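These notes are about the structure you will find just below.
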Amino acid sequence: MIAKSLGVALVTGAAQGIGKAIAMRLASDGFKVALNDLNSKKEQLEAVAREVVEKHGQASFVVPGDVSQEKEVHEMVQSASKTLGGLDVMVANAGIITPLKSITDFDIDDWDRILRVNARGVFLCYKHASKEMISRKQGGRIIGASSIAGKQGCLKYYPAYCASKFAVRGLTQSAALELGEHGITVNAYAPGSIDTPMLKQTYDENPSEMLTSFGESGQPEDIASIVSYLASKESRYITGQTISVNGGIYFD
Ligand code: NAD
């Protein structure tokens, strides 16, 4: 049975990790969910879509595509909105991290690749989601993935990743200023160490200790719960913020 819906949320990078947890949480909150990830992850994405329906009785829709390509983001937003009946929440979660490398050897292609997904991709999601939300005149919630590395350049040997996550904060603040008059809030989350395939890749490359107050990494659901709040009506007066969820590694 399909449950009553609060609206429509689109989540990028939803095949695994934090994106999957966000999609499951928003579905459990009562949103219909459109799920994006790369074409190469289509099977994983379809499995998440089935889980959404089975566990939460919400409609789900798979919109594969590369967030760094404007045409694909435009089509993804349009088809999600058309199929599920609007767009109320956009979560620009997809991101990548480069191999550990000193700035002196850092390849320009790696720099471009990281910025293309983590900064340009988030910008394109904000752009096309806000256009759709403005045209529907019902406000909305736009939420992006920054990082603890977007608050402090604290990851040695990941210069492009740190720069890309700072970019998300600046973009979030500027878009928030502009979109408030349309009833759209724009915020970001800044995770510390969250137990996902990306974190495993980072630790395998650089197993230095990340000290948290709790002595352990967070779970994807810890990020999903702040996104749930930012997507809710209760967060109406919060905008332009990048909210740390880092277990006390760093205090704002
Ligand atoms: P992950 O690697 O487990 O999942 C990211 C997903 O994004 C993957 O499924 C991947 O296929 C998808 N993706 C990559 N490029 C894409 C593209 N061009 N178009 C569409 N999808 C694409 O990572 P995660 O740990 O779940 O991270 C999610 C977000 O949170 C990322 O933006 C990441 O930078 C950020 N973050 C994660 C941590 C952490 O500790 N895990 C910490 C800080 C910030």
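What you are looking at is a predicted structure, and each value in this text was computed from that prediction instead of being measured. Whatever order the structure lists them in is the order used to number ligands and atoms, beginning at 1.
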For atom 43 (C) of ligand 1, which candidate among Ser147, Gly17, Gly150 provides the closest heavy atom?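 Going through Ser147, Gly17, Gly150 one by one, Ser147 has the nearest heavy atom to atom 43 (C) of ligand 1.
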Determine, considering heavy atoms only, which of Pro64, Gly65, Ala92, Gly13 sits nearest to atom 20 (C) of ligand 1.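 Closest candidate by heavy-atom distance is Gly65.
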Is the contact between [X] and ligand 1 made by the side chain, the backbone, both, or neither, using heavy atoms and a 4.0 Å cut-off?
| X | value |
| --- | --- |
| Asn36 | side chain |
| Ile194 | both |
| Ser146 | backbone |
| Ile96 | side chain |
| Lys41 | side chain |

[X] near ligand 1, heavy-atom distance under 4.0 Å?
| X | answer |
| --- | --- |
| Ala14 | no |
| Gly121 | no |
| Ser217 | no |
| Gly192 | yes |
| Thr12 | no |
| Lys165 | yes |

What I want to know is whether [X] and ligand 1 share at least one N or O pair that is separated by under 3.5 angstrom.
| X | value |
| --- | --- |
| Tyr161 | yes |
| Ser193 | no |
| Ala145 | no |
| Asp66 | yes |
| Ile18 | yes |
| Asn118 | no |

Verify whether one side chain among Lys151 and Ser244 offers a donor that lies under 3.5 Å from an acceptor in the other.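 There is such a pair between these side chains.
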I want to check something: taking the side chain as every heavy atom from C-beta on, are Pro64 and Lys41 in contact at a cut-off of under 4.5 Å?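 In short, these two side chains do not touch, never coming nearer than 4.5 Å.
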Check [Y] with [X], please: is the shortest side-chain N to carboxylate O separation under 4.0 Å?
| X | Y | answer |
| --- | --- | --- |
| Glu70 | Arg120 | no |
| Arg50 | Glu54 | no |
| Arg25 | Asp29 | yes |

Name of the residue among Thr242, Val227, Leu230 meeting side-chain contact (heavy atoms from CB on, under 4.5 Å) with Asn187: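 Only one of Thr242, Val227, Leu230 forms a side-chain contact (heavy atoms from CB on, under 4.5 Å) with Asn187, namely Leu230.
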Return yes when atom CZ of Arg136 has more than 12 non-hydrogen atoms of other residues, nucleotides or ligands closer than 6.0 Å, and no otherwise.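 Above 12, so yes.
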What's the shortest heavy-atom distance between Val67 and Cys125, and which atoms?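 Heavy atoms only, the tightest pair is CG1-SG, 4.1 Å.
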